[in-house]
K.L.:
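For reference, the structure I am asking about is given below.
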Amino acid sequence: MTAGVREQPRDAGRPRPVARLGPAGWLTALVLLTGVGYRLWLLAHATPPTNSDEATMGLAALHIARGEDFPVWFYGQQYMGTLEAYLAAPVFALAGGPSLVGLRLPTLALYAVFLLLAWRLTLRLTGDRWFGLLVVALLALGSDRIVKNQLIAGGGYPEMNAAGVALAVLAVDLATGRPGRRLARWAAWGFLSGLMLWVDPLVLPYVVATGALLVGFRRRELRGAAGALLGAAAVLGAAPLLLHSLLNGRNPLHAVLAASGANATAGWAERLHGGLLLGPPLGTGFCDPGRCATWQLWWALALPLLLALGAVTAWRALRSPAPPESAGSAGAAESGVSARVAAAVRLALVLAAVATVGAYTVSSSAGLTPVESSRYLSCLLISLPALLWPVWTVARDGLRQVADGRRGVRTTLARSVAVVLLVATVGTAAHATWRAAQTAPATRAAEARHAELVSTLRQLGVRHVRAGYWTCNRLTFASAERVVCAVVDDDLLPGFDRYPAYRREVDEAAAPAWVAPAGSPLADVLDERQRAGNLDLVTIDGWRIYLPR
């Protein structure tokens, strides 16, 4: 592997001017805008539905905007950094207060960055603009699970994909010896790596894979100023984690393992079912909201084949002394990327995807909560160009052979399978997107009912309440802390308060009210107290408010 920088031409890696985008380029721009517009429409409909965990991040952003607190970790735990809160805090400050839209605008911006960088990475690896259009089109779609990962400011997920694909793009530029601002690129790669170590370690397989690529191609350069700068930038990015750990003597790795289910028990049958059958189609956007129909599980069978095919083709291209013309080398050379580097990056992305699926499968979360914990596979979208590139080349080259009059049973069969696979991928993801969009009116109506709850509490002069976990912080955030809530369980016993100051304030209040969703177990218990004459009941659509006498 080469270690110098001078062998590349002066214009290596420069993007084409806008005037030469061509039909594929302009269609890609249209699809990109459509993907962002679809998510803007979801935001206008308060979709996907918010919850108390997202409200906890919003409260952290509110405290930062006011200068009252500067949390390192998500309230109530010692892992998952609060980058989303720091991004939303300026929005709250400029808007004059918190809101769900203000909290999600930074996550929408992160999605747009992810889409742009994924398109750039695809072109850098393949040089095929029509394939870049396919990748962007798939990433513009958004099932229920996908838009939750991308828009909900619940900690980590909106940042990971943008950071992971940025690491891959930087690795391509650095490995090919692209001239200009090289020290800045080394520093950016190091800073993003350290930052993601603080924010959420789920992206670590991609940090390790792209880091190994840099060591393999640029080890000599890393021995000098580049390596020192990379290390310093990584420490800076991870500074919140490192400082907190040093000052408090706590190891955040223990908390991460506990959250992944390391302290729970799940059988291997359940783990394999959740990690290999349910997880991949749910986590990569092929399922309906909250469930996966049997016919949508086909992606779980296709994914291992795509991983194997992607690894084999990338390895052959990497080991080949002369890059084959049909393996993307022409396109890679056109974009200024050597065929060996392109193959190495594709292999790194495939191996990172394998590590992601493997780590999820061995965790107890895959067996205990496969539907919800499938979000842990969010980073698989970073590997999409590497997974689909071999299939695309078979379909493309097969069509070219047919056009040239060269037909054969093997060529026809391979091309047919490849085309069917690509069509099924787009079609299944589009169907899941349609089903997710259909939930928007109901979600908007539910958000309106919650807004009525906040308004009613304010009209009643209620300042302090007790409620369930999934009600409390959402209520406090929606009211901008004008209503403060303490958590109780279904037996009216103290529950898990992520921000203990709220419980202290409620405990000191003279006569806190109670709030419960209509029809919930908590409402049943409080109804008994109300019938006994201890509470007065105020009902609104979907909610029950209990006032002490």
Side-chain angles (χ1 to χ4, degrees), residues 24 27-28 31 34-35 38 115 118-119 122 126 128-147 149 273 275-313 328 346 349-350 353-354 356-357 370-371 374 377-402 409-438:
L27 284 174
T28 301
V31 171
T34 302
Y38 165 57
L115 206 54
W119 172 73
T122 303
T126 69
D128 191 323
R129 292 183 179 273
W130 290 105
F131 180 60
L133 171 61
L134 172 66
V135 171
V136 171
L138 283 171
L139 297 178
L141 297 172
S143 69
D144 176 68
R145 181 70 269 165
I146 292 297
V147 295
N149 293 341
H273 180 266
L276 300 181
L277 185 62
L278 285 178
L282 277 166
T284 51
F286 292 89
C287 295
D288 296 340
R291 60 182 296 272
C292 213
T294 303
W295 70 271
Q296 293 169 322
L297 295 175
W298 71 268
W299 179 254
L301 303 177
L303 181 60
L305 298 178
L306 292 176
L307 290 170
L309 183 62
V312 170
T313 55
R346 296 203 312 271
L349 293 178
V350 170
V354 171
T356 299
V357 174
V371 173
S374 63
L377 298 176
S378 169
C379 291
L380 290 180
L381 295 182
I382 302 171
S383 299
L384 195 62
L387 296 178
L388 295 182
W389 175 242
V391 182
W392 173 265
T393 57
V394 170
R396 180 197 62 189
D397 295 344
L399 290 173
R400 288 177 178 174
Q401 291 178 11
V402 171
V409 175
R410 182 177 299 176
T411 299
T412 302
L413 179 61
R415 174 177 56 84
S416 300
V417 171
V419 171
V420 169
L421 180 58
L422 293 175
V423 171
T425 299
V426 176
T428 308
H431 178 270
T433 301
W434 171 248
R435 293 301 301 271
Q438 288 179 317

K.L.:
By side chain to side chain donor-acceptor pair (under 3.5 Å), which residues pair with R435, not counting sequence neighbours?
P.N.:
D288, Q438
K.L.:
For L282 and L377, run side chain to side chain contact (heavy atoms under 4.5 Å, CB included): C-alpha distance rounded to whole Å, both residues' side-chain angles, the deciding distance at 0.1 Å, then the answer.
P.N.:
CA-CA 9 Å; L282 277 166; L377 298 176; over 6 Å; no
K.L.:
Find out whether W389 and T313 are in side-chain contact, i.e. whether some heavy atom of one side chain is under 4.5 Å from a heavy atom of the other.
P.N.:
no
K.L.:
Apply the test side chain to side chain contact (heavy atoms under 4.5 Å, CB included) to residues L278 and L297: give CA-CA distance (whole Å), side-chain angles for both, the deciding distance (0.1 Å), then the verdict.
P.N.:
CA-CA 7 Å; L278 285 178; L297 295 175; 4.0 Å; yes
K.L.:
Side chain to side chain donor-acceptor pair (under 3.5 Å) with T356: which residues, sequence neighbours excluded?
P.N.:
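For T356 there are no side chain to side chain donor-acceptor pair (under 3.5 Å) partners, ignoring immediate neighbours.
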K.L.:
Starting from the C-alpha separation in whole Å, work towards a yes-or-no answer on side chain to side chain contact (heavy atoms under 4.5 Å, CB included) for L305 and L309.
P.N.:
CA-CA 6 Å; L305 298 178; L309 183 62; over 6 Å; no
K.L.:
Checking C292 now: which residues fulfil disulfide (SG to SG under 2.5 Å) with it, not counting sequence neighbours?
P.N.:
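In terms of disulfide (SG to SG under 2.5 Å), with neighbours along the sequence ignored, C292 is linked to C287.
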K.L.:
Could you tell me the separation between the CZ atom of F131 and the OG1 atom of T126, rounded to the nearest 0.5 Å?
P.N.:
6.0 Å
K.L.:
Check side chain to side chain donor-acceptor pair (under 3.5 Å) between W298 and all other residues, then give those that pass, not counting sequence neighbours.
P.N.:
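Side chain to side chain donor-acceptor pair (under 3.5 Å) check on W298 returns T428.
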K.L.:
I'd like to check V135 versus W119 (side-chain heavy atoms, cut-off strictly below 4.5 Å). Are they in contact?
P.N.:
no
K.L.:
Starting at CZ of R396, measure out to CZ of R415 and round the result to the nearest 0.5 Å.
P.N.:
14.5 Å
K.L.:
Residues two or more places apart in sequence or in another chain: which of them pass side chain to side chain donor-acceptor pair (under 3.5 Å) with S383?
P.N.:
Y206
K.L.:
Taking only residues two or more places apart in sequence, or in another chain, which ones meet F286 in a ring pair (Phe, Tyr, Trp, His ring centres under 6.0 Å)?
P.N.:
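With sequence neighbours excluded, F286 shows a ring pair (Phe, Tyr, Trp, His ring centres under 6.0 Å) to W299, given in chain and number order.
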